Amino acid sequence: MALSEVEIATVKGMLLRGDRQHDIAAYFGVNGGRIAEISTGQRGVGISASPADDLPPAGPYMAGRSALRARDTLIALRDLIEQAIGDIDLYEQTEEPR
């Protein structure tokens, strides 16, 4: 799996922060060789490192990027459920008694 330019910038930022290459590889779900290529300058020449504020939390990562996506999806679902409950509550408040 190839990394995008944004991902390469993130890798470079993580390397500068001192993250271990195998942790970075686990986060992106790639072979450690891809991270080594970026670290040695074989890939991503001319791409600047992401600033520290834009980096994911430091590893180690148990399930990588998929765990973060799952968390984001669950948060979005929670927000939708809360909105639906609010809509139902609002409807019940405005409904006339029978």
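Remember, it's a predicted structure, so these values are computed and weren't measured experimentally.
- For Lys12 (side chain) and Glu7 (main-chain N/O), no donor-acceptor pair under 3.5 Å exists by modelled atom type.
- The shortest distance between side-chain heavy atoms of Met14 and Pro56 falls below 4.5 Å.
- Of all the heavy atoms in Ala49 and Gly13, the pair that sits closest is CB-N, 3.6 Å.
- To the nearest 0.5 angstrom, Arg17 atom CZ is 10.5 Å from Ser50 atom OG.
- A 4.5 Å side-chain heavy-atom check between Leu74 and Arg71 finds every atom pair outside the cut-off.
- Judged purely by atom type and a 3.5 angstrom limit, Thr40 uses its side chain to pair as donor or acceptor with the backbone of Ala36.
- Residues Asp72 and Arg69 are not in side-chain contact: their nearest non-hydrogen atoms beyond the backbone lie 4.5 Å or more apart.
- For Glu5, the CD atom counts as loosely surrounded, since its 6.0 Å shell holds 12 or fewer non-hydrogen atoms of other residues, nucleotides or ligands.
- Side-chain contact between Ile24 and Ile38: absent, with no pair of heavy atoms (C-beta onward) separated by less than 4.5 Å.
- For Gly44 against Ile8, the heavy-atom pair with the smallest separation is CA-CG2, 3.9 Å.
- Between Tyr27 and Val11, every side-chain heavy-atom pair lies at or beyond the 4.5 Å cut-off.
- Minimum interatomic distance between Gly32 and Ala25 (heavy atoms only, all atoms of both residues): CA-CB, 3.8 Å.
- To the nearest 0.5 Å, the span separating CG on Leu77 from CD on Glu82 amounts to 11.5 Å.
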Stepwise, does the side chain to side chain contact (heavy atoms under 4.5 Å, CB included) test hold for Gln83 with Asp87? CA-CA 6 Å; Gln83 181 180 357; Asp87 290 346; 4.1 Å; yes
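- A distance of 4.5 Å separates CD in Glu37 from CZ in Arg43, rounded to the nearest 0.5 Å.
- The distance from atom CD1 of Ile35 to atom CG of Asp23, rounded to the nearest 0.5 Å, is 10.5 Å.
- Across every non-hydrogen atom of Leu15 and Gln21, the tightest pair is CD2-CG, 3.8 Å.
- Between the CG atom of Leu16 and the CG atom of Leu55 there is a distance of 9.0 Å, given to the nearest 0.5 Å.
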